Amino acid sequence: MGIIAWILIGLLAGIIAKMLMPGKDPGGIIVTILIGIAGGLLGGWLGKVIFGIDSIDGFFEISTWIAAIVGSMILLALYRVITGNRRHA
């Protein structure tokens, strides 16, 4: 897949992850995109390592979207843990 497809999947996966895990996050749309893109890569890697499957097949494959969303949720949870202790003025 091309970089444009990864950005689009990342944006949508990050938004879906935020909808599935509501709450205050100290990031905007750029952080959502970055978490989504990294989450897609993480999800694909975890799918390959844990289940032995290639979960990043194509843009319209359900396994790609599930991997991206699950990976995004994992990274969003880690992001909340890391940034949750900071106080904003």
Side-chain angles (χ1 to χ4, degrees):
M1 289 191 308
I3 190 72
I4 303 287
W6 276 112
I7 291 171
L8 182 58
I9 288 175
L11 172 65
L12 296 174
I15 291 170
I16 292 169
K18 275 195 174 189
M19 288 187 333
L20 293 174
M21 298 174 63
K24 288 192 172 190
D25 292 317
I29 190 72
I30 300 298
V31 173
T32 300
I33 292 171
L34 294 175
I35 287 174
I37 293 169
L41 295 172
L42 174 67
W45 180 77
L46 287 175
K48 190 168 190 163
V49 169
I50 295 173
F51 301 112
I53 57 171
D54 188 17
S55 57
I56 306 295
D57 292 330
F59 187 82
F60 294 106
E61 296 291 326
I62 191 72
S63 61
T64 300
W65 288 93
I66 290 172
I69 292 167
V70 169
S72 296
M73 290 174 70
I74 291 169
L75 290 182
L76 182 58
L78 288 172
Y79 180 70
R80 287 179 178 177
V81 167
I82 291 169
T83 62
N85 295 334
R86 297 181 185 170
R87 293 183 184 228
H88 297 283

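Predicted model, so just to flag it, every value in this text is computed and none were measured. Atoms considered below: every heavy atom in the structure, side chains included; atoms not considered: hydrogens, waters and symmetry mates.
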**OP:** Please name the pair of heavy atoms, one in Ala13 and one in Ser72, separated by the smallest distance, quoted to 0.1 Å.
**Re:** CB-OG, 3.7 Å

**OP:** State, with a plain yes or no, whether a side-chain heavy atom of Ile66 is found less than 4.5 Å away from one of Ile69.
**Re:** no

Subject >> Separation of Arg80 CZ from Leu75 CG (nearest 0.5 Å) >> reply: 12.5 Å

Subject >> Interatomic spacing from CE in Met19 to CE in Met73 - rounded to 0.5 Å >> reply: 11.0 Å

**OP:** For Leu78 and Val81, run side-chain contact (heavy atoms from CB on, under 4.5 Å): C-alpha distance rounded to whole Å, both residues' side-chain angles, the deciding distance at 0.1 Å, then the answer.
**Re:** CA-CA 5 Å; Leu78 288 172; Val81 167; 5.5 Å; no

Subject >> Straight-line distance of Leu34 CG to Leu11 CG, nearest 0.5 Å >> reply: 11.0 Å

